[in-house]
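The structure appears right after this line, and notes come after that.
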Amino acid sequence: MGEHIVSETNLKSMSELVSLCKRRGFVFQSSEVYGGIGSCWDYGPLGVELKNNLKQSWWKSMTLRDDVVGLDASILMHPLVWKASGHVDTFSDPLVDCKNCKQRFRADHIDLKKPCPNCGTRDSLTEPREFNLMFKTQMGPVEDASSMVYLRPETAQGIFVNFLNVQTTMRKKIPFGIAQIGKAFRNEITPGNFIFRTREFEQMEMQYFVAPGTQRDFFNMWQELRWNWHVSNGMRSEKMKWFQHPEDKLAHYADLAFDVYYEFPMGWDEIEGIHSRTDFDLKGHQELSGKKLEYVDQATNQKYLPYVVETSVGCDRTLLALMCDAYRTENEGDKENERVVLKFHPKLAPIKAAILPLMKKPELEEVASKLHKDLQENYKTDYDVTASIGKRYRRQDEIGTPYCITIDYDTLQDQAVTIRERDSMTQERIALANVKKYLMEKFKF
Ligand code: ATP
């Protein structure tokens with residue numbers, strides 16, 4: 001910690017973060033000029049950098065290993081896929097309406113014996129009824145039942161139906177996994193809490209195919225790997241915990257499930273699920289399609305449907321957790337020293353370094369813009385010459401930039417710059433010629 005930091009507080013409310021996200025270009029409301037649209041959000045210039053960095057962190061952790069390969073399946077799939085997967089019949093939430101204020105709730109999110117949580121009326125809630133969460137649309141110019149398709153509610157099924165394509169083309173032996181990042185859509189009854197629960201979101205999923213009977217060992221392996229991945233992104237492990245799904249609440253496809261929970265300002269909630277999906281999905285597709293999806297073990301000549309251990313993490317939800325986790329207010333109430341800082345892990349930070357000429361003078365700007373161009377070959381950097389240096393540091397703190405590089409009049413004499421580190425606020429004088437090497441050392445991950 002730097003000597004100027006006296007006190008540090010965590011994010012207190014989601015609204016504080018929502019306002020920073022809008023003010024600084026992380027996340028905007030979708031279609032804002034039209035008054036917005038329910039629970040849809042757009043990632044601004046900094047948000048998309050952060051999201052891409054997060055996806056890259058996940059993709060690297062999954063595919064830079066011999067036993068996992070990638071896939072990018074389409075969002076629209078044959079409607080029978082969702083029949084076989086069980087989604088047409090069982091992918092629903094219990095919905096209740098308030099007869100007085102017309103508000104809708106998920107029955108499992110409220111106490112049905114109490115008055116309506118919105119208007120307070122007693123005995124106004126209807127009996128729960130099942131509401132299917134899949135979005136429907138039409139494919140082609142004719143709008144009838146035969147042209148109806150779904151927007152996928154999870155990315156996993158694209159992997160299951162491609163299981164044999166991938167296995168045979170890549171000559172993979174069990175155990176092996178297939179990883180995918182992509183959009184999923186759910187017509188959630190009660191979306192909310194910013195990007196925590198939305199109707200359109202991105203999932204990062206990996207299905208790991210194993211021999212029946214070995215799933216528990218691989219489940220344990222992935223549980224550990226996934227926990228460590230969150231920690232490797234800088235998430236504080238004391239803000240994470242495991243939650244095991246009770247047996248009577250397991251999803252229709254699972255025989256074991258653990259979630260990673262994060263402590264958001266509104267309470268603990270899920271960011272990732274690890275599920276043992278048995279052979280439920282492959283069996284369903286094999287039965288309904290009439291095509292064999294069995295794996296042939298070349299060594300023993302055994303044929304079987306593999307079991308699946310799945311890791312399924314929401315990209316948007318994890319990004320939200322990481323933003324909540326990184327958010328700190330320091331020296332609150334002390335006007336001169338108060339600052340908001342996003343303490344992102346440097347690999348996730350949208351901007352890696354900011355180049356700040358001390359003053360708007362051509363001789364300083366010449367050196368600064370040359371350095372900016374040079375660093376931009378490797379990193380997303382910012383160049384800022386407006387306002388006082390203190391204000392510019394605060395601006396970069398608030399978007400989580402790990403390093404600020406100041407070019408001052410001494411630079412013209414000694415060919416050195418001042419590099420300020422975000423969290424400790426300590427400053428070092430580094431030779432201009434060594435800045436790239438310095439950052440390369442810092443960004444070794
Ligand atoms: P929940 O109980 O919160 O509805 P779930 O258990 O249905 O979630 P899964 O089907 O296991 O979620 O999906 C895996 C991950 O996808 C979740 O851990 C979450 O990070 C993300 N996710 C699921 N639904 C949404 C949503 N509506 N908005 C944003 N992310 C979501």
Side-chain angles (χ1 to χ4, degrees), residues 14 27 30 37-43 47 51 54-55 58 82 85-87 90-95 105-110 130-135 151-160 179-207 219 222-223 226-227 229-230 233 235 240-246 249-264 266-277 280-281 308-325:
M14 197 58 92
V27 182
S30 160
I37 171 168
S39 88
C40 296
W41 300 91
D42 297 340
Y43 287 87
K51 202 177 189 196
L54 180 60
K55 287 194 241 182
W58 185 86
W82 305 108
S85 68
H87 284 82
T90 58
F91 191 61
S92 54
D93 279 336
L95 165 77
F105 307 95
R106 247 171 80 169
D108 55 335
H109 282 179
I110 58 168
E130 289 302 316
F131 173 77
N132 195 293
L133 301 182
M134 282 198 291
F135 277 99
L151 300 187
R152 66 179 176 200
E154 62 174 23
T155 54
Q157 298 304 324
I159 287 181
F160 292 125
Q180 174 170 222
I181 301 178
K183 289 261 182 177
F185 302 82
R186 295 181 189 178
N187 199 4
E188 300 277 3
I189 297 167
T190 46
N193 273 322
F194 195 27
I195 52 173
F196 177 83
R197 188 181 304 284
T198 53
R199 296 194 170 106
E200 171 182 345
F201 55 97
E202 260 180 301
Q203 287 188 316
M204 306 189 284
E205 292 199 305
M206 193 278 311
Q207 275 70 35
F219 194 96
W222 282 108
Q223 252 195 301
R226 296 306 302 144
W227 180 275
W229 178 75
H230 289 287
N233 288 329
M235 200 178 272
M240 292 158 56
K241 71 175 180 191
W242 285 111
F243 168 78
Q244 180 171 12
H245 288 219
K249 294 251 168 64
L250 284 169
H252 61 275
Y253 51 74
D255 70 352
L256 180 68
F258 275 80
D259 291 338
V260 179
Y261 268 44
Y262 177 78
E263 192 179 17
F264 289 96
M266 69 278 184
W268 288 95
D269 220 323
E270 172 184 341
I271 52 174
E272 169 153 14
I274 322 279
H275 310 128
S276 171
R277 283 182 88 128
F280 177 90
D281 303 270
V308 170
V309 173
E310 150 184 282
T311 72
S312 176
V313 63
C315 182
D316 314 76
R317 215 180 261 188
T318 305
L319 182 145
L320 180 64
L322 283 163
M323 287 197 96
C324 293
D325 203 63

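Note that the structure is predicted; figures quoted are calculated from it, not measured. In listed order, ligands and their atoms are each counted from 1.
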Write down the atom of D259, the atom of G273, and the distance for their closest heavy-atom approach.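 Shortest heavy-atom separation between D259 and G273 comes out as OD1-CA, 3.4 Å.
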Which atom of D316 lies closest to which atom of I195, heavy atoms considered: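 Of all heavy-atom pairs spanning D316 and I195, the closest is O-CD1, 3.5 Å.
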Under a 4.5 Å cut-off applied to non-hydrogen side-chain atoms, are [X] and [Y] in contact?
{"X": "D325", "Y": "H230", "result": "no"}
{"X": "M240", "Y": "V260", "result": "yes"}
{"X": "W58", "Y": "C315", "result": "no"}
{"X": "V308", "Y": "F160", "result": "yes"}

Geometry only, no angles: is [X] polar-contacting ligand 1 at N/O separations under 3.5 Å?
{"X": "I271", "result": "yes"}
{"X": "R197", "result": "yes"}
{"X": "G314", "result": "yes"}

Is it the side chain (CB and beyond), the backbone, both or neither of R106 that lies under 4.0 Å from ligand 1, heavy atoms counted?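 For R106, only side-chain atoms sit under 4.0 Å from ligand 1.
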For [atom], what is the nearest protein heavy atom, given as residue, atom name and distance?
{"atom": "atom 28 (N) of ligand 1", "value": "T198 N, 3.0 Å"}
{"atom": "atom 2 (O) of ligand 1", "value": "E270 OE1, 3.9 Å"}
{"atom": "atom 14 (C) of ligand 1", "value": "S312 OG, 3.0 Å"}
{"atom": "atom 22 (N) of ligand 1", "value": "F201 CE1, 3.5 Å"}

So if I count the atoms of ligand 1 from 1 in the order they appear, which ones are less than 4.0 Å from some heavy atom of [X]?
{"X": "Q203", "value": "13 (O), 14 (C), 16 (O)"}
{"X": "F196", "value": "28 (N), 29 (C), 30 (N)"}
{"X": "H275", "value": "11 (O)"}
{"X": "E188", "value": "24 (N), 26 (C), 27 (N)"}

Would you call the rings of F243 and Y261 parallel, tilted or perpendicular, where under 30° means parallel and over 60° means perpendicular?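 Geometry flag for Y261 against F243: tilted rings.
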Do R277 and E154 meet the salt-bridge criterion of a basic N to acidic O distance under 4.0 Å?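 Salt bridge between E154 and R277, a charged N being under 4.0 Å from a carboxylate O: yes.
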Among E154, E272, R186, R199, which residue places a heavy atom closest to atom 10 (O) of ligand 1?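 Residue with the shortest heavy-atom distance to the ligand atom: R186.
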Contact between D316 and ligand 1, counting heavy atoms under 4.0 Å?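 No.
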Under 3.5 Å, is there a donor on one side chain and an acceptor on the other for E310 and Q207?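 Indeed, the side chains of E310 and Q207 share at least one donor-acceptor pair under 3.5 Å.
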